[in-house]
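Report on the following structure.
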Amino acid sequence: MIEIVVNLPLYSKARPRVTSRGTFMPKAYQDKRKEMLRQIKEQYKGEPLEGPLRLELEVYGEGRADADNIVGALLDCANGYLWTDDRVSIIPQMEIKWKKAPKAESKWVIRLYLLDCEGDSLF
């Protein structure tokens, strides 16, 4: 099992903004992704995992975001660093738990388990 703790307020996956100059992601979202990725890289030095994987995500913070958007933000950020791809063939099992906490105590606890063909953990 690999466990990574990211101390960062919860945030949602952003939608791309389309302008006459092109498509871009909002700066605040890019900044949060950079900080999350910095903390992930600080704690995980290995190669991206091939899978199949079980992803468990425990988030602590204010309950203002949609669960699918919280997971989406993590998947966008960690794709290519913690796992090779976020396709369902790589991450066939996923669980998210939310616990209310003040914004100052917000964190993301990411746990990854490598699965065998039977779906059992190898770690």
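At a threshold of 4.5 Å between side-chain heavy atoms, the hydrophobic network of Ile, Leu, Val, Met, Phe, Trp and Tyr places Trp108 and Ile4 in one connected group. Using a 4.5 Å cut-off between side-chain heavy atoms of Ile, Leu, Val, Met, Phe, Trp and Tyr, with links allowed through other members, Val109 and Leu75 fall into different hydrophobic clusters. A chain of hydrophobic side-chain contacts below 4.5 Å, direct or via other Ile, Leu, Val, Met, Phe, Trp or Tyr residues, connects Ile90 to Leu82. Hydrophobic clustering places Ile96 together with Ile2 (ILVMFWY residues linked when any side-chain heavy atoms are closer than 4.5 Å, directly or through intermediates). Linking Ile, Leu, Val, Met, Phe, Trp and Tyr whenever their side-chain heavy atoms come within less than 4.5 Å puts Val6 and Met94 in one cluster.
For the pair Ile40 and Cys77, the tightest heavy-atom approach, listed with the atom from each and the gap, is CD1-SG, 4.4 Å. Contact between Ser106 and Gly61 at its shortest, heavy atoms only, is OG-CA, 3.5 Å. Closest heavy-atom contact between Ala65 and Ser12: CB-OG, 3.0 Å.
Cation-pi geometry between Lys107 and Tyr60 is met: under 6.0 angstrom from the ring centre, within 45 degrees of the axis.
Counting only N and O atoms by type, the side chains of Asp31 and Tyr11 include no donor and acceptor under 3.5 Å apart. Side-chain polar atoms of Gln43 and Gln39 form no donor-acceptor pair below 3.5 angstrom.
If you take OH on Tyr29 and CG on Asp76, they are separated by 4.0 Å, rounding to the nearest 0.5 Å. Atom CG of Leu8 is separated from atom CZ of Arg33 by 12.5 Å, given to the nearest 0.5 angstrom. Taking CG from Leu115 and CZ from Arg54, the interatomic distance works out to 8.0 Å, rounded to the nearest 0.5 Å. To the nearest 0.5 Å, the span separating CD on Glu105 from NZ on Lys103 amounts to 13.5 Å. Distance check, rounded to the nearest 0.5 Å: CG of Leu10 to CG of Leu74 gives 11.5 Å. To the nearest 0.5 angstrom, Asp85 atom CG is 10.0 Å from Glu50 atom CD.
Lys100 has no carboxylate O lying under 4.0 Å from a charged side-chain N of Glu62, or vice versa, which leaves the two without a salt bridge. By the 4.0 Å N-to-carboxylate-O rule, Arg38 lies close enough to Glu35 to be salt-bridged with it. Using a 4.0 Å cut-off between charged nitrogen and carboxylate oxygen, Arg111 and Glu3 count as a salt-bridge pair.
A donor-acceptor pair is defined here as one N or O able to donate and one able to accept, closer than 3.5 Å; no such pair exists between the side chain of Asp66 and the backbone of Asp68. Without hydrogens or angle criteria, Lys45 side chain to Lys41 main chain gives a donor-acceptor distance under 3.5 Å.
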Decide side-chain contact (heavy atoms from CB on, under 4.5 Å) for Leu49 and Leu114; before the verdict, give the C-alpha distance in whole Å, the side-chain angles of both, and the deciding distance to 0.1 Å. CA-CA 8 Å; Leu49 299 170; Leu114 185 61; 5.5 Å; no

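No more than 12 heavy atoms of other residues, nucleotides or ligands sit less than 6.0 Å from atom OH of Tyr81.
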